[in-house]
Amino acid sequence: HLLGVDLSRVFVGSFSDGETRIEVQDHVRGKYCFVVCSTSGDDSLMQLMLLVSTLRRAGAKHITAVIPYYGYSRQDRKVERESIAAADIALLLEEMGVDRVMCK
């Protein structure tokens, strides 16, 4: 609330089989949305991806992902037969509908 803007209500939980459940409980159509979420593990990464997807499908005008800790940043160059996870995560964010990313 420091910016003079109320936080939106979002439910993050899981279904009985362990799948992630995301529900945005406020209207976001035509709004600029900022999502603050670390990518410190697979669960938080999945929550971020699904939240971005939910916001995009709900009609958000612009989505900025604020990522205080970019969890896969150590994997940023090719080493024999290893993925470049930092680049792959960036592609996933772009594909899900993130317009901008802010990392520390």
Side-chain angles (χ1 to χ4, degrees):
H1 197 76
L2 293 173
L3 299 175
V5 178
D6 292 331
L7 295 175
S8 293
R9 295 173 298 138
V10 174
F11 173 79
V12 178
S14 57
F15 291 104
S16 60
D17 63 357
E19 293 179 5
T20 301
R21 177 175 177 231
I22 304 287
E23 181 184 343
V24 176
Q25 299 173 336
D26 291 319
H27 295 285
V28 296
R29 181 169 303 283
K31 305 268 175 119
Y32 286 82
C33 298
F34 293 82
V35 178
V36 180
C37 183
S38 256
T39 58
S40 57
D42 295 338
D43 287 342
S44 59
L45 181 61
M46 181 59 75
Q47 290 171 4
L48 174 61
M49 296 297 171
L50 292 176
L51 180 53
V52 168
S53 174
T54 303
L55 291 170
R56 186 59 67 200
R57 291 170 194 259
K61 181 175 184 173
H62 189 91
I63 300 171
T64 300
V66 180
I67 304 175
Y69 176 74
Y70 193 67
Y72 293 87
S73 62
R74 292 182 180 165
Q75 301 174 40
D76 63 347
R77 57 186 139 302
K78 187 172 182 189
V79 178
E80 289 185 42
R81 293 180 291 281
E82 288 186 12
S83 66
I84 305 173
D88 294 338
I89 299 302
L91 288 171
L92 284 170
L93 290 168
E94 182 179 23
E95 191 63 33
M96 293 307 290
V98 171
D99 297 297
R100 285 205 174 99
V101 175
M102 296 171 61
C103 297
K104 182 174 179 185

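Predicted, not measured: the structure shown is a model, and the values here were computed from it.
Few gaps surround CD on E23; more than 12 heavy atoms of other groups in view lie less than 6.0 Å from it. Within a 6.0 Å sphere centred on CG of D43, other residues, nucleotides and ligands contribute 12 heavy atoms or fewer.
Residues C37 and P68 share a closest heavy-atom pair of O-CD, 3.8 Å. Of all heavy-atom pairs spanning S8 and D26, the tightest one is CA-OD2, 3.1 Å. For C103 against Y70, the heavy-atom pair with the smallest separation is SG-CD1, 4.0 Å. In plain terms, the two heavy atoms of S53 and M96 that are nearest each other are CB-CE, 3.3 Å. Nearest heavy-atom pair across M49 and L92 is CE-CB, 3.4 Å.
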Exercise for the section: For side chain to side chain contact (heavy atoms under 4.5 Å, CB included), just list the numbers for I67 and L93, CA-CA rounded to whole Å, side-chain angles, deciding distance to a tenth of an Å, and then say yes or no. Expected result: CA-CA 11 Å; I67 304 175; L93 290 168; 3.9 Å; yes
Exercise for the section: Check the pair L51 / V12 against side chain to side chain contact (heavy atoms under 4.5 Å, CB included), numbers first and verdict last. Expected result: CA-CA 9 Å; L51 180 53; V12 178; 5.8 Å; no
Problem - Steps toward side chain to side chain contact (heavy atoms under 4.5 Å, CB included) verdict (R57, T54) - result: CA-CA 5 Å; R57 291 170 194 259; T54 303; 6.0 Å; no
Practice task
Could you walk me through whether V24 and F11 pass the side chain to side chain contact (heavy atoms under 4.5 Å, CB included) test, one step at a time?
Solution key: CA-CA 6 Å; V24 176; F11 173 79; over 6 Å; no
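Listed for the R29 side chain is no donor-acceptor partner under 3.5 Å among the backbone atoms of G59. For the pair Y69 (side chain) and T39 (backbone), a donor-acceptor distance under 3.5 Å is absent. In this structure, the side chain of R56 engages the main chain of G97 through a donor-acceptor pair within 3.5 Å. Judged by distance alone, the side chain of D99 and the main-chain N or O of T64 form no donor-acceptor pair under 3.5 Å.
T20 is not listed as a side-chain neighbour of S14, based on a closest heavy-atom distance of 4.5 Å or more.
Residues M46 and I22 share a single hydrophobic cluster, defined by chaining ILVMFWY side chains whose heavy atoms lie under 4.5 Å apart. Under the 4.5 Å side-chain heavy-atom criterion for ILVMFWY residues, no single connected hydrophobic cluster contains both F34 and L48.
Note that the SG atom of C33 and the CG atom of L55 stand 5.0 Å from one another [nearest 0.5 Å].
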